[in-house]
Amino acid sequence: MNAVAAVFGAADAQAARTAVSLMLDRMPERAAGHRVVVAGDGGVIGAAGSSPAFGSKPDCALLAGDLRLDNAVDLRRALGLPADAPDPVIALEAFARWGDAFGAQLAGDFALVLLDRRERRCVAVRDPLGIRPLYYRPGTSHVRCASELRALVEPGDALDEGFLAEVLSGGIVDGEGTPYLSVRRVPAGHALIADVHGPRVARYWEPPREPMSGSLADHAERFLAAFDDAVRGRCAGHARIGVHVSGGLDSSSVLGSICAHALAEPIAGSLRFPWPEADEGEWMAAVARRWPVEPIVVWPATDPAAHDLASIAVHADIPDFPTGRPLLAPLHAALAGAGAPAVLTGFGGDQWWSGEIAHMADLVRGGHLRALRRWHGAGAAVGDAIAWSWGSFARNGLLPLVPAPARRAVRHLMPAALPAWIDPAFAARVHLRERLRRRPDTSGAPRESWRHMRWRLDSGEEAFAKEQLDRLSAISGLELRHPFYDRRLVELAFASPEEARIGETGNRAAMREAMRPRLPPEIAARVTKADPSRLFAAAARADDVRQHLAVPALAGLGWVRPAAVAALADRVLAAGDDVAGPLLWRVLGVEAWLKEMFGVTR
């Protein structure tokens, strides 16, 4: 893991160099190790960490950042580079060849800053799927950017009420927002470009629109080739590699690919729980019988469960859910202790290969009634997320076909209800309804299912979740790598017809077909998922959490209704409502953040 920081446009070069060094100092876990800080045309860039990327091409640009390439061999060939050209040299040559869109040619995880000598500007690029974080702070005459939010936050910064209202609602839409008005996120697949005209953010990568044709066997063959490449690239250079093993289809597929090709010796790690609905011990045992692995088993604390509120003072950000970083931290400590240099996960399989419920509208539009009847009859075999219900069919199969003007008229006459705990006056002041309805422009989308996948790329929730995982990597010193978020595999997902995901008998049709020889039969057929939602209540019972349940800070600001928050807490603590758990923790997270960062106590 590495840190990047830059200042562009500052009049005082020495002050800019000092600012870059200070930003790197504010990211101690990520920046531990080597450090390079260099001044160039109009700016100063720096990178630090175990293997910071740095390069210079005299007639082109200076580059610094956090970079891991998975298609370096292909790029060296395409760019005419020697076989031993390092990743920073490859990235610089790609920029020289393809300009601002060079990031679309890179497969891997990266956050890079370049000082463009040709046009006297700064270009800060985040990888297409947003695995590496990148933030920026525009000033009156200059712009700063860094790998972490805390490197850019300054005393006296104003909070962003609109973004925080989204957090409180349980659904972050804004993919660029942060809790602070003065600091913004460079979204996945975007570049920040700063020049004499000021900073602007532009998208440089778009997924393919048109679906590939072929049989289920054809789609499975394509999936297998792309997936193996994604896993192989993330194992490269390591004799041993850590891997999450939950007994689910995604993590089991990652392990199957590692073992089938002998890519590395797997160091498997698993979480176990005392609750039947959360524990996957039997599934893990099936995976261990298929491949010669003996997972390191970690039983996380559950009475009370760990939480993330203490991270606010360190990272200045909204804390993660109890089911996120606090849950995974002891597993990663165990994997690091066993000698794993990095850990491969199954995260991303749900997002790109489970199937989109919006496909209902595509089937209705095309008159595919037989396929709709099969979906209806499949029941839980397609997975809970897209299982048929008539209410879901009305929302996802019929409503998208209503002309847009008619939908807008209905929304105007019958606006959607907001969460009961959010104060109506606050919601109106920040235009919360409008914020929650915002979506990226997908006019001309070829399919409703494609449109919903495309929305996910810019989702604030997606960005938040991946940044929390990256933070876990930095703190644990153990890099998380996600094969399902490989750009090439995600492009294949967008180019695969929905029938490759929602088959005649269940979901993930092409993936199951491709991975079947590598999986135990029960895993290949599995459609259920573990439910660790009791952790939300278990963490809320911790002594240092109870002080926040009365939400004095949020109530004092007039943002929430305390009685409605109490009712929400009762749903979690007394009734065990698994839907309410994440919502309560978003409220608690903002409450604790306000107290810690702004001293709000009333």
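All of these numbers come straight from a predicted model, not from anything done at the bench.
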Partners of [X] by side-chain hydrogen bond (donor to acceptor under 3.5 Å, both in side chains), sequence neighbours excluded?
X      : result
His190 : none
Arg184 : none
Ser459 : none
Arg439 : none

Taking only residues two or more places apart in sequence or in another chain, which ones pass side chain to side chain contact (heavy atoms under 4.5 Å, CB included) with [X]?
X      : value
Asp570 : Ala574
Met284 : Ser270, Arg272, Glu280
Val430 : Glu161, Ala165, Phe426, Leu432

Identify, with sequence neighbours excluded, every residue that meets salt bridge (charged side-chain N to carboxylate O under 4.0 Å, His left out) alongside Arg126. Glu467
Residues which pass salt bridge (charged side-chain N to carboxylate O under 4.0 Å, His left out) with Arg481, listed by chain and number, not counting sequence neighbours: Glu479
Show your working on salt bridge (Lys or Arg N to Asp or Glu O under 4.0 Å) between Asp174 and Arg435 and close with a plain yes or no. CA-CA 8 Å; Asp174 187 354; Arg435 292 183 68 100; 3.6 Å; yes
Show the atom names and distances, to 0.1 Å, of all donor-acceptor pairs under 3.5 Å that link a side chain in residues 552-562 to residues at least two apart or in another chain.
none

If we count only N and O atoms by modelled type, under 3.5 Å, do the side chains of Thr178 and Arg185 hold a donor and an acceptor together? no
Would you say the side-chain atoms of Thr528 and Arg526 include a donor-acceptor pair closer than 3.5 Å? yes
Determine all donor-acceptor pairs shorter than 3.5 Å in which one atom belongs to a side chain in residues 321-333; sequence neighbours excluded.
residue, atom, partner, partner atom, Å
Arg325, NH2, Asp308, OD1, 2.7
Arg325, NH2, Asp308, OD2, 3.2
His332, NE2, His244, NE2, 3.0

Residue pairs, two or more places apart or on separate chains, that pass ring-ring contact (aromatic ring centres under 6.0 Å, His included) and touch residues 149-181: Tyr180-Trp593
